[in-house]
Asker: 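Below you'll find the structure I mean.
Bear in mind that the values here come from a model prediction, so they are computed numbers and not experimental data.
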2 protein chains.
Amino acid sequence: MQAYVDFVMELDRLKGVTRKVKPIGLDRYENSAEHSWQIALLAASLAHLAEEKVDVSRVVAMLLVHDVGEIDTGDAIVFAEGGWEERKAAEYEAVKRIFGHLPEDRGAPFLALWREFEAGETADARFANAVDRAMPALLNLANHGQSWRENGIAFERVVARIGPPINAGCPALWAYMLPQLEIAREQGWFGA
Amino acid sequence: MQAYVDFVMELDRLKGVTRKVKPIGLDRYENSAEHSWQIALLAASLAHLAEEKVDVSRVVAMLLVHDVGEIDTGDAIVFAEGGWEERKAAEYEAVKRIFGHLPEDRGAPFLALWREFEAGETADARFANAVDRAMPALLNLANHGQSWRENGIAFERVVARIGPPINAGCPALWAYMLPQLEIAREQGWFGA
């Protein structure tokens, strides 16, 4: 049992990994643990609108573990340029270490889900990635572009970076979001 | 799609519902969103040790929604005396409202999971309740009894309140925890 407790105490550190977006109405940045919870429920509610049929429980599990590597590396904004491969290698070392607390037959499925999310090649992973990419933009749309403005992220860069993965995994979601993003541009909610 | 976005923005408020325990090493109280994430993963890793065979994906989904009612009511410490029925009735009104943003065939399953957790009568719900009750005590064991000391909660009260549900859902977990709690008592980590 100590192994499981060590594992969940290690997970606890994800509550201290901050992202660039703020929860609505709160004067602090969100952390990767609460973000993971929120997108798991968004995915569970939207799964019937995925581009291809998905296994909801696999998608939920994937989203619950997808950011665990940040426990060692911290969060990087999706618009960061360069260093992505080194970063992903470091996250992979982190998840191997963290899931390594568990007995092999318990840790290996979590590690496989993490890798599947990162590879983005299955229907489940594409949908999970779509939801993960959509959520900070949805928060920004409700937050007057808070993290776009703070980080100088232009409309074109947002659309180029999140449009293809959201559209690939959940076209209905992207069809909803693009006009909202265009309205946000007119309102000056993006960086230069 | 607007209905799903309204739903997830409503969920966002759970990030602002604070509990009595602090994440390890952080000088703030944890919130119910990150707590829900953490216990979902603890349950997923421990499910094979449940008292009866459980459906992991149902347990995970149950834990992801179990605190959503606190969006309207706030968190109440499990040791609060009295007012429990009124509180649960208020939470039920809250979850009906929040899941009511979704189309009926999407919202109803979430509501059913929430009610099943509260009723605690199925194997899945008993295991989910065990994990939910265990987690703050595990954090306190790692935190020198922070919330027990801050709220004046005695050893006997903790054992009486969390022992039966943890033992009913996951006896191996309670068998591990009880000796740890006894050591914590010797170290003076409980309130009077």
Asker: Picking from A/R13, A/M9, A/H48, which has the most non-hydrogen pairs under 4.5 angstrom with chain B?
Answerer: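 Among the listed options, the one with the most contacts to chain B is A/H48.
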Asker: From A/D12 CG over to B/L138 CG, what is the distance, rounded to the nearest 0.5 angstrom?
Answerer: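 Here the rounded value is 10.5 Å.
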Asker: So what's closer than 4.5 Å to chain A heavy atoms on B/R28: side chain, backbone, both or neither?
Answerer: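 The answer is the side chain of B/R28.
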Asker: Nearest 0.5 Å, what's the CG-CD distance between B/N31 and A/E30?
Answerer: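 The CD atom of A/E30 is 10.5 Å from CG of B/N31, to the nearest 0.5 Å.
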Asker: Is chain B contacted by the side chain of A/L141, its backbone, both, or neither, given a heavy-atom distance below 4.5 Å?
Answerer: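 The answer is neither part of A/L141.
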Asker: State plainly whether one hydrophobic cluster holds both A/F155 and A/I153, where clusters connect Ile, Leu, Val, Met, Phe, Trp and Tyr through side-chain heavy atoms under 4.5 angstrom apart.
Answerer: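 A/F155 clusters together with A/I153.
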Asker: Nearest 0.5 Å, what's the CG-OG distance between A/D55 and B/S57?
Answerer: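 Rounded to the nearest 0.5 Å, the CG-OG separation comes to 8.0 Å.
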Asker: Let me check something: do A/V131 and A/L178 share a hydrophobic cluster, defined by ILVMFWY side-chain heavy atoms less than 4.5 Å apart, either directly or through other members?
Answerer: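 Per the 4.5 Å side-chain linkage, A/V131 and A/L178 are co-clustered.
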Asker: Quick one: what part of B/A142 sits under 4.5 Å from any heavy atom of chain A, side chain, backbone, both or neither?
Answerer: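 For B/A142, the side chain is the part near chain A, not the backbone.
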Asker: On a heavy-atom basis, which atom in A/L14 and which in B/W37 lie closest, and how many Å separate them?
Answerer: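 Here A/L14 and B/W37 meet closest at CD2-CZ2, 3.5 Å.
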Asker: Does any heavy atom of chain A fall under 4.5 Å from the side chain of B/L139, the backbone, both, or neither of them?
Answerer: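 Contact with chain A: backbone and side chain both.
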Asker: Heavy atoms, side chains only, cut-off 4.5 Å: are B/L64 and A/L64 in contact?
Answerer: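 SC-SC contact between B/L64 and A/L64 confirmed.
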Asker: Are there more than 12 heavy atoms of other residues, nucleotides or ligands under 6.0 Å from atom CD of B/E85?
Answerer: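 Atom CD in B/E85 is not crowded, with 12 or fewer foreign heavy atoms closer than 6.0 Å.
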Asker: Going by heavy atoms in the side chains, are A/M1 and B/L49 under 4.5 Å from each other?
Answerer: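 Of all side-chain heavy-atom pairs linking B/L49 with A/M1, at least one is under 4.5 Å.
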Asker: Considering only heavy atoms, which portion of B/I24 lies under 4.5 Å from any heavy atom of chain A: side chain, backbone, both, or neither?
Answerer: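 Looking at B/I24, backbone and side chain both touch chain A.
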Asker: Between CZ of A/F7 and CG of B/L46, what distance do you get to the nearest 0.5 Å?
Answerer: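 It comes to 9.5 Å.
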Asker: For the candidates B/P23, B/A47, B/S45, which exhibits the highest count of non-hydrogen atom pairs separated by less than 4.5 Å from chain A?
Answerer: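 Counting heavy-atom pairs under 4.5 Å, the top option is B/S45.
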Asker: Checking B/M135 against chain A: side chain, backbone, both or neither under 4.5 Å from a heavy atom?
Answerer: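 When you check distances to chain A, only side chain atoms of B/M135 fall under 4.5 Å.
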Asker: Does one hydrophobic cluster hold both B/F127 and B/Y176, with members joined at side-chain heavy-atom distances below 4.5 Å?
Answerer: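 B/F127 clusters together with B/Y176.
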Asker: Give the interface residues of residues 92-120 of chain B toward chain A, defined by a heavy-atom separation under 4.5 Å.
Answerer: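 Interface residues of residues 92-120 of chain B: B/L102, B/R106, B/F110.
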Asker: Give, as side chain, backbone, both or neither, the part of B/V8 having an atom under 4.5 angstrom from any heavy atom of chain A.
Answerer: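 Both the backbone and the side chain of B/V8 come within 4.5 Å of chain A.
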Asker: So, does B/Q38 use its side chain to make a donor-acceptor pair with the main chain of A/L11 at under 3.5 Å?
Answerer: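 No, the answer is negative, given that no donor and acceptor are paired below the 3.5 Å cut-off.
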